[in-house]
Amino acid sequence: MAGFSKVQELRSFSFHPMEKYLEQLNEAQRQAVIHIEGPSIIIAGAGSGKTRVLVHRISHMLNKGVDAFNILALTFTNKAAREMKGRITNLAGDEARNLWMGTFHSVFAKMLRVEAQRIGYPQSFTIYDTDDSKNLIKDIVKSQGLDEKVYKPGVVLNRISTAKNNLFSVKEYQDNPELNNDDRIAGKPHMALLYEIYQNRLFKSGSMDFDDLIFNTYILLRDFPEVLHKYQHKFKYVLVDEFQDTNYAQYIVVRKLSAQHENICVVGDDAQSIYSFRGANIQNILSFEKDYPELQTFKLEQNYRSSGIIVNAANSVIANNRGQLPKKVWTENHDGDKISLLRALSDNEEGSIVASSIFEERLRRQWVNHDFAILYRTNAQSRAMEEALRRKGIPYRIYGGISFYARKEVKDLMAYFRLAVNPDDEEALKRVINYPKREIGKTTLEKLVIAAERESLSIWKVIGKIHSIETGITAATRNRISDFGSMIKSFGAMLKTHNAYELASHISGSSGLLKELYSDQTPEGISHYENIQELLNGIKEFTDNGNTGLPAPSAEQELEPELRTLDVFLQDVALVTDADSDDQEKDTVSLMTIHAAKGLEFKCVYVVGLEENLFPSQMALQSRTELEEERRLFYVAITRAEKKLFLSHAASRYRWGNLTGCEPSRFLEEVGEEFVESVVNEVKRNGLADERRANWSGFGNSGKAFAGAAKPAVLPGPGFRRMKSGERTSEAPVSEQLPFVADDSNQIVVGMEVEHQKFGAGKVVNMEGVAADLKATVFFPAHGNKQLLLKFAKLRIIR
DNA sequence: GGAGGCCTCGGAAGG
DNA sequence: CGAGGCCTCC
């Protein structure tokens, strides 16, 4: 192996006074950073400084004279790549620009652009997103006369995706008795045929779906030794982040790429593997150990993120999974506050309790909105949270949901861009051939598709010969089609003569799309128009500065102005999602699914909806492995918290329109009871439906974590009650133990003199609101008028 | 071609 | 319940 002398150099280096950046690391981290030669695996516990190690490791390579061009680093998201690249630049300088760093998809797309012709694809291939793929499948199923109920687009696409992720080509799929048998048993015997047609249509369209970006890279490296050789020699060092989330195909490609130098370093945490449902293969970690017997293993076990309670509670949960890689996550951080268990009668009440709690914690601990996150299993749970936060006037931001680029109007304009770059792109063409209206209807389109099938041509090629190919389309319509073709051709001709913005605005104007959108003055119509403006603004920024204000992978170096053309903009943008936008300027509480929270951290975290059939999801109760993935998800949720964690569950919840009773999640029992305190929430009596009240009994002591919790013998009386002070444990911070005893806020009326813990004595000048929203305006000589929500403000009555 | 009624179905989501 | 797809009717 070429790097022997380098190893020596590094070893001696590690005994000498080190560069400052190495001093900032603990011993395990330092070892993982300096041993850059040979295969290695870094098992990184939650909050153990994994990103830090990756950043330092790459910086260290650069400082040791490794050329950035020879380093390939694969990340889970574009955002992660961008952030890491920035940090490496800070540590190692501008050289970092030349790193190949990005997601599997973006890096492989970049390679495929260069090599595509070898596998029969145009250099300008376009990329289908999931919607495009499903639309195509729907078409194919229909045209094959198959039952659309049986061959649902999503299901078919999943099957094809799984095949590709496991490197089954169409031919291999068709020849595989086991796969065919599975399909037959599942009542879908034509799956292999659909795969074949789907793949042909993609190929004719000069398009790849997301999985093709991996699969075709594999084909390229497998079938073209010179390509394999080229990249094997280029990538002397290969790093893979979030290795537990890679699928088989990704692993095989990475192995091939690094086969020459075998300087491959993978980083991951088996306990945080939460994406097996879309093909991630936790087995890759075990395979890696088998494939590289000389592997160096580094374990990062010290957690810097969370309090002792949180780290240990997380450990107690994950211990219920079988077969975790042996490691012991520990921390030097203080134990901190116990985990608080919140219970609500209903999903809506859960929302108000969480919102109230945020309000209170924010005040009490002097935290800002930004320090709080509400994490849930399903997006549907966000509604109750939102409503409650809005009622309390707490600003929030929901992450996830529909992406900017998934919006119809944005996709429509992007379809024109795609056609300019690659007119064979069938999904783009079908999308806009009659939008805005050009009197080229469904029937005509079907005729075009049939002719294309018959002639083995793309629809675009048929359009090019529309007057010479037999389609059964009338002359008048043929002329309209040919006009459309000329327009697209003229867009394509402008690609190299105009910059991205010039062409994009030209297209949006002369396609008639802008006018179409402008004519709709309904609120939705206006918002569609604004989204198009936003897209155009982003392209303007791309043209002017080489990057975009839109969510985009600007991990790449800035482009030369002459390269800022629309085709280049499009290449990047297909692989971008909203997760890539950082929009941190506003001080808001974050709402997101646990999946979306991976890699993030917050001072204070609320994990809500801890109920059987919701979390764990009822769909995961079939098998142990699925349940274990749910548990890892819970582990990820817990370990997002730095200082304070709340877990909550409701006794009833609206699911699909029905009020259903909910049992506390089994996961609650798995949190060691020594880490948990139960909080008796103030509960409004008003507005509680009788059925829900009856459900109170459902709060039984089934969870040992809250077995000792006070269970009210009767429902709280009118108004509300405050938390029992006796339930605070002796481990609470000193600030909570100040002997300030508040009086029952129900007693407070206008005109009273009261004392506030912070503001001192004051006089109640006004009262408004009812029940939990009861607010008092109190005049404090030193602070002026203060609005205090009586639910939280601890007030002592003076007289 | 579009509006409106009916039916179905519901998970998490990177690229 | 509510979103989205599909069908029907104009």
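Chain A is the first sequence line, chain B the second, and so forth, proteins listed ahead of strands; every chain is numbered from 1.
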Practice prompt. List the atom of A:Arg624, the atom of A:Asn320, and the distance in Å for their closest heavy-atom pair.
Written response: NH2-O, 3.8 Å
Discussion item. If you compare all heavy atoms of A:Ser273 against all heavy atoms of A:Asp245, which two are closest, and at what distance to 0.1 Å?
Written reply: CA-OD1, 4.1 Å
Integer-rounded Å distance: [N] [atom2] and [X] [atom1]:
X	N	atom1	atom2	answer
A:Ile433	B:dG1	CD1	P	12 Å
A:Asn165	B:dA13	CG	P	18 Å
A:Lys138	C:dC6	NZ	P	5 Å

Determine, for [X] against [Y], whether the closest basic-nitrogen to carboxylate-oxygen distance falls under 4.0 angstrom.
X	Y	result
A:Lys437	A:Glu516	no
A:Glu387	A:Arg383	yes
A:Asp129	A:Lys411	yes

Fill in: Pairwise 5' ranking along DNA chain B for A:Glu439 and A:Glu629, keeping only the more 5' one
A:Glu439
Discussion item. Using a 4.0 Å heavy-atom cut-off, does A:Arg655 contact any base of the nucleic acid, only the sugar-phosphate backbone, or nothing at all?
Written reply: nothing
Worksheet item: Under 5.5 Å between ring centres and under 30° between planes: true for A:Trp656 and the base of B:dG10?
Response: yes
At under 4.0 Å, does any side-chain N or O of [X] touch on OP1 or OP2 of [N]?
X	N	answer
A:Lys598	B:dG14	no
A:Ser617	B:dA12	no
A:Asn379	B:dG10	no
A:Asn434	B:dG1	yes

Item to complete: May I ask you to list the residues of residues 274-285 of chain A, by number, that have any heavy atom positioned under 4.0 Å from an atom of DNA chain B?
Response: A:Tyr275, A:Phe277, A:Arg278
Discussion item. Using a 6.0 Å cut-off, check whether atom CD of A:Gln618 has over 12 heavy atoms from anything other than its own residue.
Written reply: yes
Fill in: Matching residue for A:Arg377 among A:Glu630, A:Glu611, A:Glu612 - test: salt bridge (Lys or Arg N to Asp or Glu O under 4.0 Å)
A:Glu630
Worksheet, complete the sentence: Side-chain atoms of A:Ala596 come closest, of B:dA13, B:dG11, B:dG1, to B:dA13
